[in-house]
Structures are given as C-alpha cells and as structure tokens.
Amino acid sequence: MKALVIGGNGFIGYNLVNLLLKENHQVRIFDRYPNRFMPPLAEVENVTGDFSNHGEIAEAVRDVDWVFHLAYTTLPQTSNDDPVYDIRSNIADTVQLLQECVKNKVKKVVFISSGGTIYGVPQSAPISEDHPTDPICSYGITKLAIEKYLHLFHWLHGLEYVCARLSNPYGELQNPDAKQGAIGVFLGQIARHQPITIWGDGNVVRDYIYIGDTVKALLCAAQYDPAAVNGPRVFNVGFGEGHTLNQLVDAIKVVVGPQVEVRYTESRPVDVPVNVLDISRAKKYLGWQPEVTLEDGIGKSWQWINSLQLK
Ligand SMILES: NC(=O)c1ccc[n+]([C@@H]2O[C@H](COP(=O)([O-])OP(=O)(O)OC[C@H]3O[C@@H](n4cnc5c(N)ncnc54)[C@H](O)[C@@H]3O)[C@@H](O)[C@H]2O)c1
C-alpha cells in the first residue's frame, strides 16, 4: 500500500514509517520539520509542508491508499491556555484533510486520538471504549470532535477510518526535552545527572506502552476492515496495566541504578488521577496485543537515550 504519514517525522510517526517500510509499504511523509534525531530516509518521499495549508495537503493526499494523521498543534497541558487556537488549528484543518481524502478516494484514515484525555476522570478502571467521554482539557475535546467528524464523513461519504485512542507511548525517538512523556523526560534528566521532577505526590496512575507495540497497533488498524466484520472503528491502544509515577521511578531504578533523585512539585489540574485502558477490543478485532514489558521497554529507551550523549 502507499501511505501518507502526516507528522511522520515526529516520535510516533518516524517509528511508524520504519515499520511501514519494513513491511514493504510505500511511504510519503508530510511534516513541517525533519526528525530531530535521525536523518531523512532515502526510501521515503519527504514532503515539507504545513498541515494548515490546504493546497499542500491536497497535493500530499494524491494517490495514497492510507492516511495516518499524527500532526497536532497542542498538548493536553497547554491546550486549555488557548482553546480557540486548539479548535481552529486541529478541528478545522482535519476536516479540510478529510474532504481531500474523500476526493482522492483514500481507503483508510488512521487517526491518533487520546486514550489518556478523552475519558476525563474515570468512573472505573480499566477504561473501555464505552466509558463516558468528559475530557478535562481542550485537547481531549478536539480529539473527540475529530473522532465525530470521522464518523460523519464515513456516514456521508463512506470514508473508512479507525481511531486509535492511545495511552502513554514511550521509547526510541521520544524527545527527552519535550513537555510530555514521563519516561523520556525522566531518562533524559537522569542521563544529565539532574533530579527527576514529579508533579504531585507520584500516585498518579498511567498506562505506558512501548513505541514498537504502539506502531504495530497503528499498522493493524490500517489493515483492519471494519465493514467486513461489522466491527467498531474506535479502539483503545495501551498496555492495559497501570503504574503510579512512584512505581515507574522504581522500575527505572532497576534499569539505570539506584542513584536517582526525585523532587516533588505541585500537581497540575490537567492530570486525571488514574488512566488505564481496557484493550480487549483491540485484541479481538485488530488481532494485536502489546508484547514489550515496562522493564524491557525502559531498558531499550535507556540505551537509546545514552546513544544521544546528552550534556
Ligand atoms: N506522545 C504521546 O504521548 C501521545 C499520546 C496520545 C496521542 N498522541 C498523538 O499522537 C500524535 C503524534 O504525537 P507525537 O508524540 O509523535 O508528537 P511529535 O511532536 O513527536 O510529532 C508530531 C509531528 O507532527 C509535525 N507537525 C505538527 N504540526 C504540524 C503542522 N501544522 N504541519 C505539519 N507537520 C506538523 C511535527 O513537526 C512533528 O514532527 C499526535 O496527534 C498526538 O496528539 C501522542
């Protein structure tokens, strides 16, 4: 198949592109910037452009079978600062993309939604896809709205899609200087001999999934044919197990050694106390399940962070 990966030079995108190439798919990357750690891949068609530019997106969507939509202008923790920007830049530009997908008869759109924010404060855990959706950040609301537009475009135009409600991915190419991604940030701080900073008391529970398992789920989502099995189009993608931040630090210490200094600061209103996803639907319909344990995944991440020789 020929795949367009929008945001293909980011953390998840670049890992996905490598998997697609390994599986002998053709790839076009559409991104504003090159990957910050890796050189451009020779076997990929690299298109530099901005997702908000209608003409550039219309051109990028030509002659592709699959569109993976990974570009996003906001993060959970910053989205509440300017919800109008979040709405304009993410919802409107994605609807523009969907119109181009219909025109170009794209076979499948895979959208990376957010299992971590879309449900809000959970009433129960693990959280299934049928759990109420009451996000406590604008980012969760715009992700949810885009899921609804995908449903609408399927209803109106037969555009086929899958939404992957992703939990907390980590692993190779996760930027240690980013504003999200606890494992990458913590390992970066340790590599620089700095203390780890935890917001709150460290009892916040999250569902960490290794990047290799994450991108396999996205490929399975592209290959899955919901119409053939009368199946769902929205899936949780996580490991399905919860760890507190304090437990995460203990797991990191097993890999990097015990000399890890932890500092606790004030908790953030945007952080839900618990987020663990029920992944039984993805196991059943996508024929996928995560394989890399937290300990092994932290080991792989630590090896990669060390290769950066951070100062
Ligand atoms: N990383 C996570 O913890 C996580 C969790 C759940 C969902 N997601 C979603 O997964 C997707 C990918 O996340 P990531 O962690 O790989 O992010 P990332 O920032 O590493 O990568 C995003 C890529 O998109 C590109 N991009 C952003 N805006 C663009 C624009 N206007 N035009 C062209 N390119 C643009 C960036 O240059 C970057 O290369 C996002 O939609 C994000 O919301 C991420």
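Just so you know, ligand 1 is whichever comes first in the structure, and atom 1 is the first atom listed for that ligand.
- Residues meeting the side-chain hydrogen bond (donor to acceptor under 3.5 Å, both in side chains) test with E147, sequence neighbours left out: S113, R165.
- Ordered by chain and residue number, the residues placing a heavy atom less than 4.0 Å from ligand 1 are G7, N9, G10, F11, I12, D31, R32, Y33, G49, D50, F51, L70, A71, Y72, I112, S113, Y139, K143, L166, S167, P169, Q180.
- Every pair passing side-chain hydrogen bond (donor to acceptor under 3.5 Å, both in side chains) that includes a residue from residues 13-28 is listed here, sequence neighbours excluded: R28-E45.
- At least one cation-pi condition fails for K284 and F235: the charged atom is not both under 6.0 angstrom from the six-membered ring centre and inside a 45 degree cone around its axis.
- No donor-acceptor pair closer than 3.5 Å links the side chain of N168 to the backbone N or O of R206.
- Residues that satisfy the side-chain hydrogen bond (donor to acceptor under 3.5 Å, both in side chains) test with D250, not counting sequence neighbours, are absent from this structure.
- Within the 4.5 Å cutoff, the side chain of T74 has heavy atoms near those of the Y85 side chain.
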